[in-house]
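Below: the structure, in structure tokens.
Below, read A as the first sequence line, B as the second, and so on, with proteins coming before strands; counting in each chain starts at 1.
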Amino acid sequence: MYSQNKTLEKVKTFADAFFKILFILVIAFPFFWMISTAFQTLKETMRVPLTLWPEKLQWGNFAEVFKTIPVDTYLKNSLIVCTSVVLLQYLIIVPCAYSLAKYDYKAKPLVFGLVLLGQMIPMQLTFLPVYFMFNKAGLINSYASLILPFISNPFGIFMLRQYFMQVPSEIIEAARLDNASDLKIMFKIMMPMVKSALVTIGLLSFISNWNNYFWALIMTNNDLVRTLPIGITLLKDSETLARWNVIMAGNLLLVLPMLGLYIIASKKIRNAFVYSGIK
Amino acid sequence: MSSISLKNVKKAYGDDVVIENLNLEIKDGSFTVLVGPSGCGKSTTLRMITGLETITDGDILIDGKRVNDVAPGKRDISMVFQNYALYPTMTVKDNIEFGLINKKIPKEEREKRIREVCEIVGLTEYLDRMPANLSGGQRQRVALARAMVKEPKVFMMDEPLSNLDAKLRGAMRVELINMHKRMGTTFVYVTHDQVEAMSMADDIVLMDKGKIIQQSSPAELYHNPNCIYTAQFVGSPQTNIIDGHLPNEIKLGFRPEKVRMHEVENGINIPAKIATREMLGAEIIYSLETAYGTIMAKTDVDMPVDTELKFGVEYDNMYLFGADTYRIPFTAELKDIIAVVFGGNK
């Protein structure tokens, strides 16, 4: 009986470990393959069975990326777009979330409903009317077309609202008795209290805009304002034969900054999802 | 220093009327305590005076000036909240200074005031700490300092001691009394704890269901309750009420500490048996089984459980309440009736 239990225990542990490793492999393998391919020669990328480890690291692939497409222009565009979105969205989402959390007004359920609706309707449904609107306004092929649609971030509003709601109303009342204006209460009292949420929302929206391929593809048609994800796909079209090693090197260039950001800020992000008991 | 008056004040949330018609005078420089069970409207009253809560009808005057439409920050009122409501992202010093900066007080004056206040409440060495790194008692002090430093006309406190342990609470009570003496400002204090109210107030406002039941000094409230509610709210165990034995639904009341464990000359004497005995140290609380129900007694006389005795209550220590539960005068005629009904000496 005892040994049977022990065997069952062992099988359980093994199964547990097996599925965990399998899960990690499924997630991590494509990523690993991308990195590996970025350092292979073109021949190595074609070989069967596939090459997991390049014989010699081909740093030249990266140089090839820079030779083929204007990486600096794309990078500049991506940075301008993402930074503007992050900074401008705070102007919209902070007052909106604060009012939804701490003020009472008649239209509040309607406003909140609209915010939720904005979160629920996928971009693929709304892009056409927005495209026509921007086209009429002459905004196609401009930074504005890539920035404006994203500065009202419904997820950000929703998340920040949850945070503001957790701040005890007495703190706001104390500030009112301390003769602080509404704006001062928002900037001096409330925003510092939800700093980790603000950082997280900023990071998440930076990353999602950095990776945004669809919208940039629709709204731009020349290199002046094209962003990096579009640029990287151009690597594929530039030759008759797909040079997978160069494409993957380009992809690695696209991913690395975000990976760095995530590693630096991962603690902040995790903290933001755990309410840091204010009392 | 300021007096406060509420005139015909009404407060309703939609159709739900919390306070119907409140008239209240708070004397200049007094330590006034609003006391009552939770939901009696005491906190709402306090918040209406501060302006954090709007009033539906009526007028609020501070120093004779109508302040209905004056913003909370401009009423010259400081408040200490139950959960302290410190700004968690600011240091102790910034917490205390915030209100002064908003009042545009020059830096030198600010520094001077903060120094003085921190000296008084004993916070000088904690000025650079964050509230999260302070104990409950220390946070309480920061909240007090933040309120004091503004040198307000009125000082409001909403159950400020309820988050402290019993020992610290006792010490803070004494400190608050001293603070009131030193500042000479009008204090308005809200609590549901009758001991806090009795020990600190020089004027108690007893409230129930949005109405003021009695407003008087602690001694007056104890010795001269105007209704059964007041008589039973103050004192522990609560005042004994014997109902259903006197004509016209008159009720007889007397405090447990006025029960004598022997027969008395100028009063009534009732046969009883000791049912329970609670030893408190200096005093013992008995519950006595009688023909009129259970009577509580508080005395220093030590007797075992199950003792049969006749206890006495003197006429001077009796309260009479009418059918509407309000006090009625103790007339010679009623005294005779009581003597007959309860078997006392005339």
Side-chain angles (χ1 to χ4, degrees), chain A residues 90 94-95 97-99 101-109 159-202 267-268 271-279, chain B residues 13-14 43 46-47 49-54 70-91 94-105 130-136 139 142-144 146-147 149-150 152-160 163:
Chain A
Y90 285 136
V94 174
Y98 183 43
S99 83
K102 291 293 179 189
Y103 282 88
D104 268 321
Y105 48 94
K106 266 199 182 139
K108 194 159 120 175
M159 182 166 166
L160 207 53
R161 169 182 166 272
Q162 297 297 106
Y163 268 79
F164 280 140
M165 279 166 74
Q166 280 168 331
V167 175
S169 293
E170 283 93 341
I171 290 179
I172 298 169
E173 288 173 349
R176 284 175 68 199
L177 281 168
D178 270 346
N179 203 18
S181 64
D182 284 332
L183 275 182
K184 192 159 190 178
I185 292 173
M186 197 170 80
F187 283 119
K188 283 269 180 177
I189 310 278
M190 298 299 271
M191 279 179 62
M193 285 178 78
V194 297
K195 209 165 74 192
S196 59
L198 288 174
V199 172
T200 306
I201 291 166
K267 209 177 156 195
K268 264 251 145 68
N271 279 348
F273 287 98
V274 185
Y275 178 57
S276 51
I278 303 161
K279 202 179 173 181
Chain B
Y13 298 98
S43 284
L46 187 85
R47 292 167 57 81
I49 299 173
T50 58
L52 292 173
E53 205 81 63
T54 55
V70 179
K74 310 246 184 248
R75 291 190 188 191
D76 237 339
I77 289 175
S78 281
M79 180 154 164
V80 177
F81 291 83
Q82 184 173 1
N83 61 6
Y84 318 136
L86 302 180
Y87 311 127
T89 54
M90 296 187 191
T91 61
D94 292 342
N95 259 283
I96 300 172
E97 201 173 17
F98 188 67
L100 298 182
I101 293 174
N102 294 336
K103 271 176 108 181
K104 304 214 164 54
I105 287 166
M130 298 305 276
N133 302 327
L134 297 176
S135 70
R139 286 180 208 179
V142 179
L144 281 174
R146 184 174 71 178
V149 81
K150 291 193 284 180
K153 281 197 218 163
V154 185
F155 207 99
M156 303 265 179
M157 282 172 271
D158 190 358
E159 310 227 9
N163 282 351

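Side chain of A/Lys188 to backbone of B/Phe98: no donor-acceptor contact under 3.5 angstrom is found. In this structure, B/Tyr87 contributes its side chain and A/Ala175 its backbone to a donor-acceptor pair below 3.5 Å.
More than 12 heavy-atom neighbours from other residues, nucleotides or ligands sit within 6.0 angstrom of NZ on A/Lys108.
Between atom CG of residue B/Asp76 and atom CG of residue A/Asn179 there is a gap of 9.5 Å, rounded to the nearest 0.5 Å. Here the CD-CE distance, from A/Glu170 to B/Met79, works out to 8.0 Å after rounding to the nearest 0.5 Å.
Smallest separation of non-hydrogen atoms from A/Lys184 and B/Asn102: NZ-OD1, 2.6 Å. When all heavy atoms of B/Pro88 and A/Ile171 are compared, the pair lying nearest together is CD-CD1, 3.9 Å. Across all non-hydrogen atoms, the minimal contact from A/Ala174 to B/Arg146 is CB-NH2, 3.5 Å.
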Would B/Arg75 and A/Leu177 count as a side chain to side chain contact (heavy atoms under 4.5 Å, CB included) if you check the C-alpha gap in whole Å, the side-chain angles of each, and the deciding distance to 0.1 Å?
-> CA-CA 8 Å; B/Arg75 291 190 188 191; A/Leu177 281 168; over 6 Å; no
Determine, stepwise, if the pair B/Lys150 / A/Asp178 fulfils side chain to side chain contact (heavy atoms under 4.5 Å, CB included).
-> CA-CA 9 Å; B/Lys150 291 193 284 180; A/Asp178 270 346; 2.8 Å; yes
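Contacts between A/Lys195 and chain B at a heavy-atom distance below 4.5 Å are absent for every atom of the residue. There is no contact between B/Met156 and chain A, counting heavy-atom distances below 4.5 Å. Contact of B/Arg47 with chain A is made through the side chain alone, with heavy-atom distances under 4.5 Å.
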